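Small disclaimer: the values here were computed from a predicted structure and weren't measured. Both ligands and their constituent atoms are indexed starting at 1 by order of listing.
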Amino acid sequence: MRYRSTRGGPVVTLDTALLTGLAPDGGLYVPVALPRHAADDWPGEMTAHALAVEYLTPFFADSRLADALDDIVAETFNFSLPMVSLRRELGAPVSVLELFHGPTAAFKDVGARFLAACLTRLDQETRNDKPLTILVATSGDTGGAVASAFHGRTGVRVVVLFPDGRVSPRQQHQLTCWGDNVTSLAVRGTFDDCQQMVKAAFVDEALAEQYRFSSANSINIGRLLPQSVYYAAASYAYFRAHGERLHWIVPTGNLGNGLAAVIARACGMPMGDIAFVTNANRTLPDYLTSGDYEPRPSLATLASAMDVGAPSNLERLRDLFGESDALRQHALTAQSVSDEEIEARIRADIRRLPFAWCPHSATAMVAWERLAEGDKARHWALVATAHPAKFETIVEPLIGTEVAVPPMLAELLDRPSNYVTIDAGLDALRAHLL
Ligand SMILES: *Cc1c(COP(=O)(O)O)cnc(C)c1O
């Protein structure tokens, strides 16, 4: 399998796409042709591991990592990704795919662990005098997941940039509790500023003399591939059991998780409609409605890991599947949810559900509630992207009680925190790195 830039530039192997993140022409790598899985021919009883390997194998054709795929999958998916039915509580066919049982309690652990497993293997082969430096801009969860996945691995450095004051206290702790080969920078600006700084560092000549950069943001294809595995696995299991396609509601910011769902479906996995939900940052819904793409500065919301005004992966979505008219025909929709709706949902649902939503996952429930009665008769899977304990300052006042902290998160919160605050812009980042 070869990968091409969305901007027409080079065609490269998976290994190059993983190591460089962004294409040299500023575009994002996409597969030259998506594989078509004949999931009907797959054996009915397949372990999640076997399915992940089967699903990913064509993406790894020609990669030096092909023989290691089995181990990479095992290292990545070493925590559970349960589907929890809410049929009893809601009296309707609704399930929640819980993606938050990894080390940093958000779905970002999947992509980060996969990237770490791939990059450390690739780097050992191409050992180089400049250590590989993973630059990661984070709106809250990516940085912690990437730091956790790479922490303690020799020969790789991680530099995390997060928007100062715009992440939850526990998220901030997760971003800053590492040390060793991980550096944490609080940027006086927004997530979009952090993302700009990473992009600018990639093409900066002074930095290129001393650093070899890769990106762990969802611009890296290595984030998307493993994320599409859990859609493939859950949809396949459902289809085998019920002979019907699951429909999906996916909370969305940079569109990495959402695009992964669309890719799984395009590869032939049995999936029905895909509904994206954004917070008050409505660039994506507005684009799908009007056809005009108008990136804008991000607004701060309660679902802060989705505060994105210029979703990077929209470039991939348009490249692979066409413009807004075509996208609507692909049974893709997008809608925006306000902070008031998020709060009301968290507050109301604690009375009918056995758990509290995190503010991001709550957007999916708001979107489900908006469905017409007929649509609610179809089986929907809501994607829960983070554990509510990461956002206790928002969730606990709404539910009037404490959220129990999962053990892995508790362990991280016990570690000391360390970071440096810098201005937005490449100059400040360059000064810090050199
Ligand atoms: C990153 C994140 C999102 C948004 O995911 P994208 O891939 O950027 O669309 C949603 N919820 C949580 C908790 C996240 O960390």
Problem set entry | Contacting atoms of ligand 1, where contact means under 4.0 angstrom from a heavy atom of Ala386 |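 Listed by number with element, the hits are 13 (C).
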Shortest protein contact, [atom] (heavy atom only):
atom	value
atom 5 (O) of ligand 1	Phe107 CZ, 3.3 Å
atom 10 (C) of ligand 1	Met306 CG, 3.4 Å
atom 9 (O) of ligand 1	Gly253 N, 2.7 Å
atom 14 (C) of ligand 1	Lys108 NZ, 2.8 Å
atom 12 (C) of ligand 1	Thr385 OG1, 3.3 Å
atom 8 (O) of ligand 1	Asn254 N, 2.8 Å

Exercise. Would you call Val250 and Val277 a side-chain contact if the rule is heavy atoms closer than 4.5 Å?
Worked result: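 No, their side chains stay 4.5 Å or more apart.
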Problem set entry | Residue pair Tyr230 / Asn257, side-chain donor-acceptor N/O under 3.5 Å |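 The criterion, which ignores hydrogens and geometry beyond distance, is satisfied for Asn257 and Tyr230.
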Exercise. Quick one: CE on Met271 to CD1 on Ile263, what's the gap to the nearest 0.5 Å?
Worked result: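 One gets 10.5 Å once the value is rounded to the nearest 0.5 Å.
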For this session: Output, in order, the C-alpha distance, side-chain angles, deciding distance and verdict of side chain to side chain donor-acceptor pair (under 3.5 Å) for Thr301 and Asp307.
Result: CA-CA 7 Å; Thr301 76; Asp307 289 350; 2.7 Å; yes
Just distances here: any N/O of [X] and N/O of ligand 1 closer than 3.5 Å?
X	answer
Asp141	yes
Leu255	yes
Gly256	yes
Ala106	no
Thr142	no

Exercise. How does Asn257 reach ligand 1, if at all, at less than 4.0 Å between non-hydrogen atoms: by side chain, backbone, both, or neither?
Worked result: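 For Asn257, backbone and side-chain atoms both sit under 4.0 Å from ligand 1.
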Exercise. In terms of side-chain geometry, is the basic nitrogen of Asp273 or Arg378 positioned less than 4.0 Å from the acidic oxygen of its partner?
Worked result: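 Looking at Asp273 and Arg378, the cut-off is met.
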For this session: Report the C-alpha separation of His379 and Tyr238 in whole Å, then their side-chain angles, then the decisive distance to 0.1 Å, and conclude whether the ring-ring contact (aromatic ring centres under 6.0 Å, His included) test is met.
Result: CA-CA 10 Å; His379 200 133; Tyr238 184 82; 4.7 Å; yes
For this session: Dump the intermediate steps for side chain to side chain donor-acceptor pair (under 3.5 Å) on Trp357 and Asp349, then the final yes or no.
Result: CA-CA 8 Å; Trp357 297 108; Asp349 278 354; 2.7 Å; yes
Exercise. Does OH belonging to Tyr419 count more than 12 external heavy atoms closer than 6.0 Å?
Worked result: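 It does not: Tyr419 OH has 12 such atoms or fewer within range.
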Problem set entry | Test ring-ring contact (aromatic ring centres under 6.0 Å, His included) applied to Phe321 and His330, step by step | CA-CA 8 Å; Phe321 303 107; His330 272 100; 5.6 Å; yes
